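Here the structure comes first, spelled out in structure tokens, and everything after it is commentary.
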Amino acid sequence: MEDTVFQITNARLLSRVVEGIEELASDGADMMGDVYEYMLGKMAASGTNGQFRTPRHIIRMMVELMKPTLDDIVCDPAMGSAGFIMEAAKYIQEHQSDELLNIETMNRFRSEIFHGSDSDASMMRIGCMNMMLHDVDEPQLYYRNSLSDENNDTNKYTLCLANPPFAGSLDQDDIAPSLRAAVKTKKTELLFLALMMRMLQAGGRCASIVPDTVLTGDAQAYKTIRTALVDDNCLQAVITMPSGVFQPYSGVSTAIIIFTKTGTGGTDKVWFYDMRADGFSLTTQRTPMPEQNDIPDIISRFHNLSGEAERTLKEQSFFVPVKKIRENGYDLSYKRYHVVERDAIVYDAPEVIIKRMKKRQEKIDAAFEEFQKLLNS
């Protein structure tokens with residue numbers, strides 16, 4: 001709580017807040033965690049560094065795609081309010097509750113599995129509180145710029161989950177030498193991908209949200225990162241998301257990239273999915289629309305990729321061979337490979353249309369003459 005600013009200056013208001021929290025606390029930590037998440041979800045303004053921008057259901061989808069376990073060491077190098085690592089903790093609690101009855105396992109869960117970094121002190125406090133309210137009492141959270149040489153994590157984690165800041169640009173001196181060597185750029189979205197490749201152990205997995213420019217950018221830095229993903233690691237999936245997912249904060253089009261660090265390649269074919277709806281309207285209001293939701297289908301198909309092999313490029317999801325990706329300059333956009341099926345429309349010859357129009361005109365003239373006769377009679 002170092003350097004915090006206490007902004008409740010009215011004693012009566014403070015008393016009411018404490019009494020309200022006391023009533024909630026009687027229902028246990030689960031209730032407090034739910035209340036905290038509700039508060040974060042209702043914050044109307046986004047932070048200057050991209051905080052609060054990842055919708056909770058998108059985080060949950062990514063966690064369910066990756067299925068973290070007690071054997072993982074999970075990290076988010078741009079943690080913000082710690083949404084990803086908190087959701088990973090909840091997933092493990094839901095699916096491995098019996099193992100957590102072991103005291104040693106529970107101690108490891110509380111103090112060793114979850115790691116995160118952020119360069120904003122306020123975000124660190126929010127993230128720490130979020131984890132504490134979800135039974136992770138001593139998470140390994142660091143107040144630092146993950147892209148600088150303050151962070152020397154290498155080959156350390158088995159799972160990275162992140163939504164790094166987009167469209168940011170750093171001074172050259174603030175970027176760690178190892179990242180400058182990996183990709184010559186100041187763009188944060190590319191530097192964070194290079195960082196996660198460095199931080200993961202061999203065999204470690206990553207699911208990261210990226211802007212569309214990472215998938216299609218023509219600049220050399222974009223191509224360098226895409227080449228590294230495809231040729232030096234095992235790129236598994238690219239899930240494109242509609243531009244309204246991050247409303248009301250931003251209308252940027254994004255995608256989720258999933259890969260496994262190998263350092264020696266291994267990409268055989270890449271699975272593409274075009275998410276068209278996420279259960280909410282794609283306007284600034286984000287009205288719930290549960291009947292329009294591709295997320296359950298994405299999770300189901302991803303965990304049954306053997307059933308995707310027969311799908312054609314005309315469908316909502318399909319595989320693309322790595323050879324074809326290389327031929328297309330390592331373009332990773334869904335639209336590059338999706339085939340739009342067009343129905344041929346055959347029109348009658350102009351002479352036939354003119355003849356048909358003449359007949360209709362003759363009928364109209366005859367009806368008009370009959371109408372005039374009725375008026376004159």
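Everything numeric in this text was worked out from a predicted model, so none of it was measured.
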Does NZ or CZ of K269 lie under 6.0 Å from the centre of the six-membered ring of F319, at an angle within 45° of the ring axis?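 Checked: cation-pi criterion met.
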> Can you list the residues that meet the salt bridge (charged side-chain N to carboxylate O under 4.0 Å, His left out) rule with E315, with sequence neighbours excluded?
Replying inline: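 For E315 the salt bridge (charged side-chain N to carboxylate O under 4.0 Å, His left out) partners, ignoring immediate neighbours, are R311.
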Check: G80 main-chain N/O paired with D118 side-chain donor or acceptor under 3.5 Å:
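Yes.
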Value for CG (L159) from CG (D72), rounded to nearest 0.5 Å, stands at 5.0 Å
Is any side-chain heavy atom of M199 closer than 4.5 Å to one of C75?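 Yes, close enough: below the 4.5 Å cut-off.
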Checklist line | Test log, rule side-chain contact (heavy atoms from CB on, under 4.5 Å), inputs H57 and F280 | finding: CA-CA 10 Å; H57 62 289; F280 295 84; 3.7 Å; yes
Would [X] and [Y] count as having a side-chain donor-acceptor pair, cut-off 3.5 Å?
| X | Y | value |
| --- | --- | --- |
| W271 | E308 | yes |
| R205 | T260 | no |
| Y142 | N151 | no |
| S148 | E150 | yes |
| T283 | Q247 | no |

### Residues forming a ring-ring contact (aromatic ring centres under 6.0 Å, His included) with Y222, sequence neighbours excluded
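By the ring-ring contact (aromatic ring centres under 6.0 Å, His included) rule, Y222 matches no residue at all.
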query: Taking the six-membered ring where the residue is Trp, are the ring centres of F318 and Y334 under 6.0 Å apart?
result: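 Yes.
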_Chi angles and distances behind the side-chain contact (heavy atoms from CB on, under 4.5 Å) call for I73, I113_ = CA-CA 5 Å; I73 304 171; I113 292 178; 5.8 Å; no
Partner of S208 under side-chain contact (heavy atoms from CB on, under 4.5 Å), picked from M62, E189, M196, is M196
